[in-house]
Each structure stands twice: as C-alpha cells, then as structure tokens.
Participant: 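Below is the structure I would like to discuss, written out as structure tokens.
These numbers were taken from a predicted model, which means no experiment stands behind them. Note: hydrogens, waters and symmetry copies are ignored here, and every other heavy atom, side chains too, is used.
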Amino acid sequence: MSARRSYETSDVAALRQSINNLQEAVRAQEIDAHAVSASAARAEREAKANYEALTETEKAAANLGVHPDSWRPISFINAKHYESLLKSNALSDDLARRIEAFRAVASAS
C-alpha cells in the first residue's frame with residue numbers, strides 16, 4: 001500500500017481551487033456578456049424608435065451620417081460650392097434632396 005505524500009495532496013487541492021476559480025470567472029463573463037447583449041438590444045430598439053419619430057426631412061438628413069453642426073464652420077463655402085454643383089447638374093436628385101434636408105435640419109438646430 002502506498003502512502004500519499006502531503007505535498008501532493010496540497011498540490012491537488014490547489015489545482016482544484018484554481019479550476020474552481022476559472023469556472024467562476026467564466027460564469028461571471030457569461031453573465032456580463034448577457035447583460036451587454038441585453039443593453040445593446042435595448043439601445044437598438046430605442047434608436048429605431050427615435051428614428052421613426054423623426055420627420056421625413058430629418059430622416060433624409062440623418063441618412064447622410066453627418067452631424068448638423070458640421071455645416072456651420074464653413075457654411076459660406078459649402079453654400080457656394082453646393083450652388084455651383086446644382087447649377088452644373090452634378091448632383092443626383094436624391095443627393096440634392098438629402099443635402100437640402102441636411103441644411104434644413106442644420107439651420108434649425
């Protein structure tokens with residue numbers, strides 16, 4: 001019959017404790033991931049609701065992906081350039097409509 005050495009028993013206990021600690025960490029990460037996922041889904045629902053509450057003009061401006069305040073710093077250059085593009089018929093109807101919507105929203109805010 002073999003006798004176990006005490007240091008081997010303590011090594012096994014330390015290994016088991018380490019495994020238990022890792023399992024707890026994995027469970028905590030899974031809980032955090034679920035919370036983040038739920039929060040992201042809630043934020044997406046709110047964003048969709050906010051988007052649906054916009055007027056058609058605001059939606060057209062939002063689809064450009066540009067903040068309304070970005071028009072202001074160089075608005076005099078933007079206005080002249082936009083006018084020249086319109087006169088030369090260099091813009092598609094859809095883009096011109098969206099830019100007009102953006103200008104309306106930018107001037108209102």
Side-chain angles (χ1 to χ4, degrees):
M1 196 190 259
S2 68
R4 291 190 178 177
R5 296 182 187 140
S6 64
Y7 68 87
E8 288 179 351
T9 308
S10 66
D11 287 346
V12 170
L15 184 58
R16 284 187 179 149
Q17 183 61 40
S18 178
I19 290 171
N20 288 338
N21 290 344
L22 288 173
Q23 288 173 337
E24 286 298 318
V26 167
R27 284 189 203 103
Q29 289 293 334
E30 289 172 350
I31 291 170
D32 289 346
H34 179 68
V36 167
S37 176
S39 177
R42 185 172 41 255
E44 184 177 348
R45 285 192 303 272
E46 290 173 3
K48 284 182 181 178
N50 290 341
Y51 182 79
E52 293 302 320
L54 297 174
T55 65
E56 288 304 315
T57 301
E58 291 169 330
K59 285 180 185 179
N63 288 336
L64 285 174
V66 181
H67 194 276
D69 290 338
S70 64
W71 178 269
R72 291 187 179 147
I74 55 170
S75 63
F76 68 95
I77 295 172
N78 288 342
K80 293 297 180 189
H81 182 64
Y82 175 66
E83 288 172 18
S84 70
L85 290 173
L86 279 179
K87 287 179 184 175
S88 66
N89 203 19
L91 299 175
S92 70
D93 292 338
D94 183 54
L95 181 57
R97 178 187 60 82
R98 290 173 29 189
I99 291 173
E100 283 298 324
F102 178 77
R103 287 177 64 185
V105 170
S107 64
S109 62

Participant: Hydrophobic cluster mates of I31, side-chain heavy atoms under 4.5 angstrom, ILVMFWY only, any path?
Facilitator: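 Via sub-4.5 Å side-chain contacts, I31 links to none.
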Participant: For E83, enumerate each residue passing the salt bridge (charged side-chain N to carboxylate O under 4.0 Å, His left out) test, keeping only those at least two apart in sequence or located in another chain.
Facilitator: none
Participant: Would you please name every residue forming a salt bridge (charged side-chain N to carboxylate O under 4.0 Å, His left out) with K48, sequence neighbours left out?
Facilitator: E44
Participant: To which residues is Y51 joined in a hydrophobic cluster, defined by side-chain heavy-atom contacts under 4.5 Å among Ile, Leu, Val, Met, Phe, Trp and Tyr, whether direct or through other members?
Facilitator: L54
Participant: Please enumerate all residues that pass side chain to side chain contact (heavy atoms under 4.5 Å, CB included) together with I19, with sequence neighbours excluded.
Facilitator: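 Per chain and number, I19 pairs via side chain to side chain contact (heavy atoms under 4.5 Å, CB included) with L15, Q23.
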Participant: With sequence neighbours excluded, tell me which residues meet side-chain hydrogen bond (donor to acceptor under 3.5 Å, both in side chains) with E24.
Facilitator: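 E24: side-chain hydrogen bond (donor to acceptor under 3.5 Å, both in side chains) contacts with R27.
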Participant: By side-chain hydrogen bond (donor to acceptor under 3.5 Å, both in side chains), which residues pair with E52, not counting sequence neighbours?
Facilitator: none
Participant: Sequence neighbours excluded, which residues qualify as salt bridge (charged side-chain N to carboxylate O under 4.0 Å, His left out) partners of E46?
Facilitator: none
Participant: What residues form a side-chain hydrogen bond (donor to acceptor under 3.5 Å, both in side chains) with D94, not counting sequence neighbours?
Facilitator: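 Result, side-chain hydrogen bond (donor to acceptor under 3.5 Å, both in side chains) vs D94: R97, R98.
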Participant: Return the set of residues passing side chain to side chain contact (heavy atoms under 4.5 Å, CB included) with L85 (not counting sequence neighbours), or none when no residue passes.
Facilitator: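 So L85 forms a side chain to side chain contact (heavy atoms under 4.5 Å, CB included) with H81, A90, L91.
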Participant: Quick one: list whatever passes side chain to side chain contact (heavy atoms under 4.5 Å, CB included) with R45, sequence neighbours left out.
Facilitator: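 Here the qualifying residues are A41, R42.
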Participant: How long is the gap from CG on L22 to CD on Q17, to the nearest 0.5 Å?
Facilitator: 10.0 Å
Participant: For A33, enumerate each residue passing the side chain to side chain contact (heavy atoms under 4.5 Å, CB included) test, keeping only those at least two apart in sequence or located in another chain.
Facilitator: none
